[in-house]
Amino acid sequence: MKHYDKLIFVSESDTATGPMAEAILQREFMLEDILITSKGLVVLFPEPVNPKAEAVLVSHSLSMKDHISDPLTEDDFDDRTLVLTIDTQQRDRLLKEYPGAKNVFALSTYIQAEEEVLDPYGGSLAGYNQCYEMLHAQILRLAAILSAEEMARQTEPAGE
């Protein structure tokens, strides 16, 4: 039995790092069906992906051109949803705003990485590419962890 049915990447505005993480994991995670999406902590109105983030994604044969920012809501939290913030500050803020939230981790904490992904907002295209490279490395680790967890669940004896 699968542990999570849904994975939500949470970033500040859901216009750059969250959608990039979503696109990378959708390409890298090949096991069971799991809905992978992204949401923002502060989404005042629907916005497309940041043009620099989209340019970097396209340069890596990915795209989120049809993505529109979506706010995180109380309804996003349940036992079957894994919520990963891009950094620990966002995790702390999320837990403060949603005290009953379940299964919430910073990406770096969940994969036990030493560094956090830095938000490239307002930076150069090179900064967005650097962010992508760090996200890609962390998402590869995440995909391996999720795959291992899924494989372990599939080999558990019935009734456990």
Side-chain angles (χ1 to χ4, degrees), residues 4-77 81-98 101-147 149:
Y4 297 113
D5 293 324
K6 186 175 187 180
L7 187 150
I8 303 172
F9 287 106
V10 177
S11 59
E12 192 66 24
S13 64
D14 192 32
T15 59
T17 53
M20 286 196 299
E22 176 186 346
I24 296 165
L25 186 58
Q26 284 177 346
R27 179 173 65 190
E28 300 297 340
F29 187 60
M30 301 293 181
L31 286 179
E32 294 292 321
D33 291 333
I34 183 170
L35 176 63
I36 301 164
T37 189
S38 64
K39 304 258 182 155
L41 288 171
V42 180
V43 178
L44 302 177
F45 52 89
E47 288 184 84
V49 170
N50 178 296
K52 291 177 184 174
E54 177 63 13
V56 167
L57 286 170
V58 168
S59 75
H60 293 280
S61 302
L62 293 167
S63 177
M64 290 298 284
K65 68 179 169 78
D66 295 329
H67 177 84
I68 299 295
S69 61
D70 192 18
L72 186 69
T73 68
E74 192 77 44
D75 294 336
D76 290 317
F77 304 101
T81 301
L82 175 61
V83 178
L84 298 175
T85 61
I86 301 301
D87 65 39
T88 53
Q89 254 186 330
Q90 292 164 350
R91 182 206 57 215
D92 295 346
R93 183 169 161 203
L94 185 158
L95 291 172
K96 193 174 193 179
E97 290 179 26
Y98 301 96
K102 304 173 184 182
N103 305 319
V104 176
F105 304 90
L107 174 61
S108 60
T109 303
Y110 193 82
I111 66 166
Q112 298 179 348
E114 292 182 20
E115 289 184 277
E116 290 192 333
V117 174
L118 300 177
D119 189 343
Y121 180 75
S124 66
L125 189 58
Y128 278 81
N129 193 60
Q130 191 173 24
C131 173
Y132 173 91
E133 294 298 337
M134 181 170 253
L135 261 176
H136 186 259
Q138 290 195 3
I139 298 298
L140 286 177
R141 231 163 129 179
L142 174 63
I145 290 167
L146 293 173
S147 295
E149 289 173 354

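These numbers were taken from a predicted model, which means no experiment stands behind them.
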Under the side-chain hydrogen bond (donor to acceptor under 3.5 Å, both in side chains) test, residues paired with [X] that sit two or more places apart:
X: Asn103; answer: none
X: Thr88; answer: Glu116
X: Thr109; answer: none

>> I need the full list of salt bridge (Lys or Arg N to Asp or Glu O under 4.0 Å) pairs touching residues 119-140, with sequence neighbours left out, sorted by first then second residue.
In response: none

Applying side chain to side chain contact (heavy atoms under 4.5 Å, CB included), can you list everything that pairs with [X], at least two apart in sequence or on another chain?
X: Glu47; answer: Thr15, Phe45, Ser69
X: Glu97; answer: Arg93
X: Ile145; answer: Tyr110, Ile111, Glu149
X: Lys39; answer: Ile8, Asp70, Leu72, Asp76

> How would you list all residue pairs meeting ring pair (Phe, Tyr, Trp, His ring centres under 6.0 Å) that involve residues 5-24, not counting sequence neighbours?
Replying inline: none

> Can you list every ring pair (Phe, Tyr, Trp, His ring centres under 6.0 Å) pair that touches residues 48-68, not counting sequence neighbours?
Replying inline: His60-Tyr132

>> So, using ring pair (Phe, Tyr, Trp, His ring centres under 6.0 Å) as the criterion, who are the partners of Tyr121 when residues are at least two apart?
In response: none

> Lys102: what forms a salt bridge (Lys or Arg N to Asp or Glu O under 4.0 Å) with it, not counting sequence neighbours?
Replying inline: Asp79

